[in-house]
There are 2 protein chains.
Amino acid sequence: MAVRKKSRAAYHHGDLRRAVIDAALVAIERDGIAALSLRELARKLAVSHQAPYRHFADKDALLAAIADEGFRTLVQRLRAGPPLTGDVTRALTESGVAYVRFAVEHPAHYRVMFATGGERRDPLATPGGAYDLLATGVARGQEAGVLPAGPKQELALLCWTVAHGLAMLAIDGKLGPAPAALATARATIALQVRTLAVAATAR
Amino acid sequence: MAVRKKSRAAYHHGDLRRAVIDAALVAIERDGIAALSLRELARKLAVSHQAPYRHFADKDALLAAIADEGFRTLVQRLRAGPPLTGDVTRALTESGVAYVRFAVEHPAHYRVMFATGGERRDPLATPGGAYDLLATGVARGQEAGVLPAGPKQELALLCWTVAHGLAMLAIDGKLGPAPAALATARATIALQVRTLAVAATAR
DNA sequence: ACCTGAACACCGTTCAAGT
DNA sequence: ACCTGAACACCGTTCAAGT
């Protein structure tokens, strides 16, 4: 029994790549990116400290993979919201909430996505990426008269700024514990959308 | 000559504490907080690797000192803006610009101020701190009729969110190179202040 | 696609003993 | 308020040789 157990435990059966990423997310969430240690991950997964190098060239490649995964998931979440064909005000609000919710639910992903050091690309600016979705939303909002006229780019940046700002404040604990933080973020987004709508109809 | 040079170089004459902080800021700006190494700082300053410990209990104490310095400087910069007794719209705009400018000019400070890991306090919430200044500005804005009515706290959080969001995007290079980034931030802040003013007078 | 095991140059931090 | 120097347990990363 002991022998069988040992010989079976010698190899990691399953998706080590996945397991390394998941363990890294847990570690980052607890101790921050700075404290991430590949050797510690390997220890926790009971594989040799060299095994992770089968899947990631180095520590930065692991972080890049996490960032990639984060951007893909974020776009999915944004696409899952209410369609822009209906109530545009609501759609814009829910998009913002979904953005912050993603950050709150995946703080390690979000941190890595916007961390420096790796000089990573900017998948937000990718065609079909999050920024594209935002630009479309802004255009619809202007057509529907719930966003003020003016350069779409400026408005899109303002919206992203609010979402990103709230996301960072939320995962840094500046908006209180997780459930309250999301409610506060929602209220702030709603205030912003309302303000923009009022300004749009004012002239 | 060689002897004299060696014996004089043996000690660090001057403010080692200051020198360590400055060297840390340079290192963080270049390689990020994660890559900061006390031993490397000591080497660069030509002191023993143990000397910095005279001034900082550990690495985290050094980061805490940097964060402290950052919060103090930020408050100074915000206080240096145009007074709230005059053109409130302009004062609010310049406050926001000063906030982002601080981040752009002191990216390492700003990063450390909002970095996790150290579980630091929140000097923003300190009496007389940055958040107090913001709350006062919001109150004046409402009195002057350039900010919409409503809970001051919600408006203050929205303003902080925009400033913090722009600051983070700027130092992460998402707004382009430094000079352009500040201009973009200014335009975004102006758009937000204008929108709020229009919404305030709409009803 | 994993393993063991050795190796290298680096860390943060502590200690002991100096000036 | 600094120094030298040794020490400890840790890192990321590379290599060699296995299954």
Side-chain angles (χ1 to χ4, degrees), chain A residues 2-24 26-28 30-66 112 115-120, chain B residues 2-24 26-28 30-66 112 115-120:
Chain A
V3 173
R4 180 163 145 258
K5 193 179 177 187
K6 193 170 185 182
S7 69
R8 290 177 86 228
Y11 271 75
H12 185 270
H13 296 295
D15 194 343
L16 180 61
R17 186 188 147 89
R18 183 70 254 157
V20 169
I21 291 180
D22 287 339
V26 170
I28 291 170
R30 223 194 33 199
D31 303 317
I33 299 176
L36 186 67
S37 154
L38 287 188
R39 285 177 107 113
E40 194 190 337
L41 295 183
R43 240 177 278 126
K44 218 156 260 169
L45 296 172
V47 299
S48 78
H49 68 259
Q50 196 259 30
Y53 283 87
R54 279 290 129 192
H55 299 279
F56 307 101
D58 53 25
K59 198 175 169 176
D60 203 64
L62 168 59
L63 291 174
I66 290 174
V112 174
T116 42
E119 305 300 317
R120 273 177 276 285
Chain B
V3 174
R4 180 164 144 257
K5 193 179 177 187
K6 193 171 183 181
S7 70
R8 292 180 83 227
Y11 272 75
H12 184 271
H13 296 295
D15 195 343
L16 181 60
R17 185 189 148 90
R18 184 70 254 157
V20 169
I21 290 179
D22 288 339
V26 170
I28 290 170
R30 224 192 34 199
D31 302 317
I33 299 176
L36 186 67
S37 154
L38 287 187
R39 285 176 107 113
E40 194 189 338
L41 295 183
R43 239 178 279 126
K44 217 156 258 169
L45 296 171
V47 298
S48 78
H49 69 260
Q50 196 260 29
Y53 284 86
R54 280 290 128 191
H55 300 279
F56 306 101
D58 53 24
K59 199 174 170 177
D60 203 63
L62 168 59
L63 291 173
I66 290 175
V112 174
T116 43
E119 305 301 317
R120 273 177 276 286

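Note on naming: letters A, B, ... go to the chains in the order of the sequence lines (proteins, then strands), and numbering restarts at 1 for each one.
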Tell me the interatomic distance from [X], atom [atom1], to [N], atom [atom2], rounded to whole angstroms.
{"X": "B/D60", "N": "C/dT13", "atom1": "CG", "atom2": "C1'", "value": "14 Å"}
{"X": "A/L62", "N": "D/dG12", "atom1": "CG", "atom2": "C1'", "value": "13 Å"}
{"X": "A/K59", "N": "D/dC11", "atom1": "NZ", "atom2": "P", "value": "10 Å"}
{"X": "A/Q50", "N": "D/dT19", "atom1": "CD", "atom2": "C1'", "value": "14 Å"}
{"X": "B/Y53", "N": "C/dC11", "atom1": "OH", "atom2": "P", "value": "11 Å"}
{"X": "A/D58", "N": "D/dT14", "atom1": "CG", "atom2": "P", "value": "7 Å"}
{"X": "A/R43", "N": "D/dC10", "atom1": "CZ", "atom2": "C1'", "value": "8 Å"}
{"X": "A/R39", "N": "D/dT14", "atom1": "CZ", "atom2": "P", "value": "12 Å"}

Who pairs with [N] - Watson-Crick or G-U, where each distance is under 3.5 Å:
{"N": "D/dC8", "value": "C/dG12"}
{"N": "D/dA17", "value": "none"}
{"N": "D/dC3", "value": "none"}

Tell me which nucleotide among D/dT13, C/dC2, D/dC2 gets nearest to the side chain of A/V47. C/dC2
Identify which nucleotide among D/dT13, C/dT14, C/dG12 has an atom closest to any side-chain atom of B/L38, counting heavy atoms from C-beta outward. C/dG12
To the nearest 0.5 Å, tell me how far [X] [atom1] sits from [Y] [atom2].
{"X": "B/R43", "Y": "B/S48", "atom1": "CZ", "atom2": "OG", "result": "12.0 Å"}
{"X": "A/H55", "Y": "A/I21", "atom1": "NE2", "atom2": "CD1", "result": "10.0 Å"}
{"X": "B/I66", "Y": "B/I33", "atom1": "CD1", "atom2": "CD1", "result": "8.5 Å"}

In whole angstrom, give me the gap between the P atoms of C/dC2 and D/dA17. 22 Å
Within the 4.0 Å heavy-atom criterion, would you say B/L36 contacts the bases, only the backbone, or no part of the nucleic acid? sugar-phosphate
Taking any heavy-atom pair under 4.0 Å as a contact, classify A/S37: base, sugar-phosphate, or nothing. sugar-phosphate
Contact between A/L38 and A/F56 at the side-chain level, heavy atoms closer than 4.5 Å - yes or no? no
Stepwise side-chain contact (heavy atoms from CB on, under 4.5 Å) test for A/L36 and A/L63: CA-CA 10 Å; A/L36 186 67; A/L63 291 174; 4.1 Å; yes
Residue pair A/H49/A/P52 against DNA chain C: nearer the 5' end by closest nucleotide is A/P52
